[in-house]
Structure formats: structure tokens, C-alpha cells
Amino acid sequence: MHIQKNISLKPYNTFGIDVLAKQFVSINSINELIDVLKSENHQSKFILGGGSNMLLTQDIDALVLHLNLKGISIISKSENTVLVKASAGENWHNFVLWCIDNDFGGVENLSLIPGNVGTAPIQNIGAYGVELKDVFDSCEALHISSGTIRTFNHQDCQFDYRNSVFKNEKKGEFIILNVTFKLTTKNHQIKTDYGAIASELKQKNIKKPTIKDVSKVVIAIRSSKLPDPKKIGNSGSFFKNPVISIKHYSALKQNFPDMPSYSVSENLVKVPAGWLIEHAGFKGKTFGNYGVHKNQALVLVNYGNANGIDIKNLAQLIQKTIVRIFNIELEVEVNII
Ligand code: EPU
């Protein structure tokens with residue numbers, strides 16, 4: 001275990017923002033983690049997973065713990081299902097590919113989401129009609145102040161749309177060490193009703209899709225809409241899709257008849273933030289070395305050496321504009337640090 005000083009975090013965040021960590025250590029085992037927390041107890045800590053859901057706007061004046069815990073194993077198998085445990089530092093997409101190679105179903109719609117397994121429950125990652133909560137069994141997490149390990153079951157996590165207990169009540173208290181998933185081994189529930197999945201499969205003339213087919217189609221759709229963080233820095237959706245009242249939506253429909261919506265409850269609908277941002281004129285706009293992605297207005301991008309503060313200011317400008325035009329408050333989805 002080697003604590004380094006003044007390390008650039010550029011390679012460790014998918015936005016590719018160049019800020020410094022005062023101190024930085026890569027953690028390769030739970031014992032190492034417990035040791036560091038004990039020996040460095042006087043220092044403030046900053047937990048870094050895949051760095052895929054954050055916008056860094058300043059140097060980190062703390063000891064950055066880069067979680068590199070690896071390992072995927074089968075815990076138990078029953079007739080139709082399997083419990084698989086994956087360590088927090090496993091890359092999410094590699095985990096999905098591992099499941100598909102083993103013909104374990106449930107995560108195929110979540111293909112190509114950036115980030116690591118350990119951070120997936122925090123924001124309850126979701127895409128194409130599936131959320132992490134649909135395959136989550138439990139997770140083990142280290143309580144930072146006491147050094148004890150606690151198991152969180154599904155209910156404990158209080159999952160919601162891009163939300164969980166780890167973003168609220170327990171924020172900053174725990175480090176997720178591993179996640180156990182409940183997956184299918186046969187009779188996979190193939191979900192193709194979201195967006196372009198069904199039409200893409202039809203185009204390929206695939207009538208009875210396997211989980212591998214679904215994964216491939218999701219990868220193709222994502223690659224066509226969302227920028228690859230290895231090429232263009234970004235953090236996926238910068239904002240959440242807002243939920244508004246049906247009354248508000250009906251009023252807006254008078255002026256914007258094409259505005260899409262998804263039903264949430266009797267009185268509420270969700271509207272796509274990407275649509276709002278596009279219709280506010282921001283889609284594809286660049287401001288020097290940062291801007292709004294040309295294929296998906298929900299994604300803010302760093303084209304080069306952008307500064308996190310500039311991107312934060314752009315986000316605020318977008319928020320103000322959306323309030324002015326639609327009277328809708330957009331909630332930021334990424335963690336601004
Ligand atoms: N839309 C526009 N313009 C845009 C973007 C979207 O008009 O620039 C419209 C689309 O035409 C469509 C609707 O908005 O009618 C929905 O678009 P899309 O299917 O691309 O999904 P989204 O609601 O914008 C959400 C997630 C994504 C996830 C996709 C697919 C959130 C905040 N985002 O986006 O998640 O991949 O659905 O399931 O819920 C992420 O969290 O980082 C992320 C990429």
C-alpha cells in the first residue's frame with residue numbers, strides 16, 4: 001500500500017477533469033481498506049470508484065481511496081436462479097459481459113453503463129427499462145467510523161429512480177465492498193419494450209432474442225447516442241428526468257404539442273430532460289472545450305481540458321433556462337464536488 005501525493009485525478013473520472021488529489025492510495029483488499037481507515041483516521045477521506053458519476057470542480061484536499069477490489073463468484077444456484085457476488089472495483093460492463101458469457105440473465109439491458117459495481121447501487125443505475133434494483137439481492141458495506149461490515153438487503157437500500165439510502169440518510173457513512181445479484185439461469189425475462197430495442201431486433205430479423213442479442217442491441221443504441229467517455233469526457237445523464245403534475249404537463253402541451261411524457265401515477269408524469277434541453281436550444285452547443293452532446297442533450301461533455309467550474313456554470317445556465325421556458329426545475333444527477 002503506497003500513499004502518493006499530489007496526483008492528478010484526470011484518469012480516474014470519466015469527465016476527464018484535471019484536478020489534484022492531495023493524497024491518493026489504491027486499495028486492493030478489504031484488509032488494506034480497514035488498515036488505511038485506522039492508520040489515517042486523522043485525515044478526511046474521499047472514496048473513488050469508477051469516477052463515472054461526478055463532476056470535479058476543485059482539488060481534493062483529502063486522502064483519495066481508489067477502490068480496486070476485484071472478484072466475481074457464484075454464491076449459490078437454485079433451479080432457475082443464481083446468486084452472483086461481484087466486488088466493488090469490478091468494472092460494471094465487464095461484469096455484465098461475464099454474466100452474458102455464463103448465460104445469467106437480468107443485467108443485459110444495463111450493458112455499457114460506465115462505472116464500477118460498487119457505485120451502481122448508490123444511484124440505482126438504470127437503462128432501457130431495467131434498474132439495478134430489479135437484480136439486486138444485497139450488498140456488504142464497511143461502516144467508515146466503526147470499521148464494521150454491514151449487509152444491506154433490498155429493503156434497507158430504499159431504491160428509487162436514480163436514488164438510494166446511500167445518497168440520502170447514509171450518505172458518506174459506508175463504503176460498498178461488494179454486491180450480490182439475483183440472476184436467471186433459464187427462462188430469461190427478455191425486456192425489449194423500451195425505446196429502440198424492439199425495432200433494432202426486428203431490423204436484424206431476430207425474432208427470439210437471447211440475452212446476448214439484447215446486450216448487443218443495447219450496446220449499439222448506447223454507442224450511437226451517448227459519447228464514449230474514453231474519447232469525449234462525460235458523466236452520462238447530467239440531470240434526472242423531472243416529474244411534473246399532469247396539470248402542468250397539459251398546460252405545457254398547449255405550446256409544445258410534441259413534448260413526450262411517461263406516466264408515473266394518476267397525477268404525475270415524467271418528461272425527458274433531454275427533450276427539454278434540446279428544445280431550449282442547447283443540444284450540440286459548444287462553448288470552447290465543453291458543451292452539450294450533439295446526439296443526447298442530457299449529456300454535458302468535456303472536449304479537452306475543460307474546467308469543472310465551467311461545466312457547472314453551463315449546467316446552471318441550462319437549469320435557469322428550463323425554468324424560464326417550461327417552469328420546470330431540473331435536478332442534477334451527477335455529484336458535483
Ligand atoms: N430526447 C430528445 N432530445 C435529446 C435526448 C432525448 O428529444 O437530446 C427525447 C427522445 O427522443 C425520447 C426521450 O427524450 O423521446 C427519451 O430519450 P432516451 O431514450 O435517450 O432516454 P432519456 O430519458 O434521455 C434515460 C436515462 C439514461 C438511459 C436512457 C435509456 C435518465 C436521467 N437517463 O435517458 O441513463 O440510458 O434513459 O434507458 O434517466 C445515465 O443515467 O447516465 C443514462 C445515460
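Each ligand, and each atom within it, is numbered from 1 in the order the structure gives.
In this structure, Ser138 contributes its side chain and Asn153 its backbone to no donor-acceptor pair below 3.5 Å.
What sits closest to atom 14 (O) of ligand 1 on the protein, heavy atoms only, is Pro272 CB, 3.1 Å. Looking only at protein heavy atoms, the nearest one to atom 1 (N) of ligand 1 is Trp275 N, 3.8 Å. Protein heavy atom at the shortest distance from atom 38 (O) of ligand 1 is Tyr128 N, 2.6 Å. Taking atom 5 (C) of ligand 1 as the reference point, the nearest protein heavy-atom neighbour is Gln296 OE1, 2.8 Å. Of all protein heavy atoms, the one closest to atom 33 (N) of ligand 1 is Ser237 OG, 3.0 Å. Distance from atom 26 (C) of ligand 1 to its nearest protein heavy atom, with residue and atom name: Arg162 NH2, 3.3 Å. Of the protein's non-hydrogen atoms, the one nearest atom 19 (O) of ligand 1 is Tyr194 OH, 3.2 Å. With hydrogens left out, the protein atom closest to atom 18 (P) of ligand 1 is Lys225 NZ, 3.8 Å, a heavy atom.
Listed by atom number, the atoms of ligand 1 under 4.0 Å from Ala297 heavy atoms are 4 (C), 8 (O). Proximity to Glu333 (heavy-atom distance under 4.0 Å) selects the following atoms of ligand 1: 41 (O). Below 4.0 Å from some heavy atom of Gly236 lie the following atoms of ligand 1, by number and element: 42 (O). In summary, the atoms of ligand 1 found under 4.0 Å from a heavy atom of Tyr161, numbered by their order in the structure, are 31 (C), 32 (C), 39 (O). Contact atoms of ligand 1 toward Phe239: 32 (C) (distance under 4.0 Å to a heavy atom of the residue). Within ligand 1, the atoms closer than 4.0 Å to a non-hydrogen atom of Lys283 are 3 (N), 4 (C), 8 (O), numbered from 1 in the order shown. The ligand atoms of ligand 1 that sit less than 4.0 angstrom from a heavy atom of Ala127 are 36 (O), 38 (O).
At a heavy-atom cutoff of 4.0 Å, ligand 1 is contacted by the side chain of Glu278 but not by its backbone. When heavy-atom distances to ligand 1 are checked against a 4.0 Å cut-off, Tyr262 comes that close only through its side chain, counted from C-beta outward.
Aromatic ring orientation, Phe238 versus Phe15: perpendicular (interplanar angle above 60°, classes split at 30° and 60°). Using bins of under 30°, 30° to 60° and over 60° for the plane-to-plane angle, the ring pair Tyr12/Phe24 lands in the tilted bin.
The closest approach between any non-hydrogen atom of His279 and ligand 1 is not below 4.0 Å. Within the 4.0 Å heavy-atom cutoff, Gln123 does not count among the residues contacting ligand 1. The shell of residues lying under 4.0 angstrom from ligand 1, judged by heavy atoms, excludes Phe238.
Both the sub-6.0 Å distance and the 45° axial angle are not jointly satisfied by Lys170 relative to the ring of Phe152.
Within 4.0 Å of atom 10 (C) of ligand 1, not a single protein heavy atom is present. Within the 4.0 angstrom cut-off, atom 35 (O) of ligand 1 has one or more protein heavy-atom neighbours.
Scanning both residues, Lys283 and Val292, for their nearest heavy atoms gives CA-CG1, 3.9 Å. Considering every non-hydrogen atom in both Asp213 and Pro209, the closest pair reads OD2-CA, 3.4 Å. Here the shortest heavy-atom pairing between Pro229 and Pro114 reads CG-CG, 4.2 Å.
Ring centroids of Trp92 and Phe181 are separated by less than 6.0 Å, placing the two rings close together.
A side-chain donor-acceptor contact under 3.5 Å links Ser8 and Asp18. Of the N and O atoms on the side chains of Asn305 and Lys10, at least one donor lies less than 3.5 Å from an acceptor on the other residue.
Using a 4.5 Å heavy-atom cutoff, the side chains of Glu131 and Tyr161 are in contact. Residues Val214 and Tyr128 are not in side-chain contact: their nearest non-hydrogen atoms beyond the backbone lie 4.5 Å or more apart. Inter-residue side-chain proximity for Leu9 and Ile17 is flagged as unmet; no heavy-atom pair is nearer than 4.5 Å.
Counted within 6.0 Å of CD on Glu329, heavy atoms from surrounding residues, nucleotides or ligands total 12 or fewer; the atom is thus considered open.
Of all the listed residues (Ile197, Asn241, Leu226), Asn241 holds the heavy atom that lies closest to atom 22 (P) of ligand 1.
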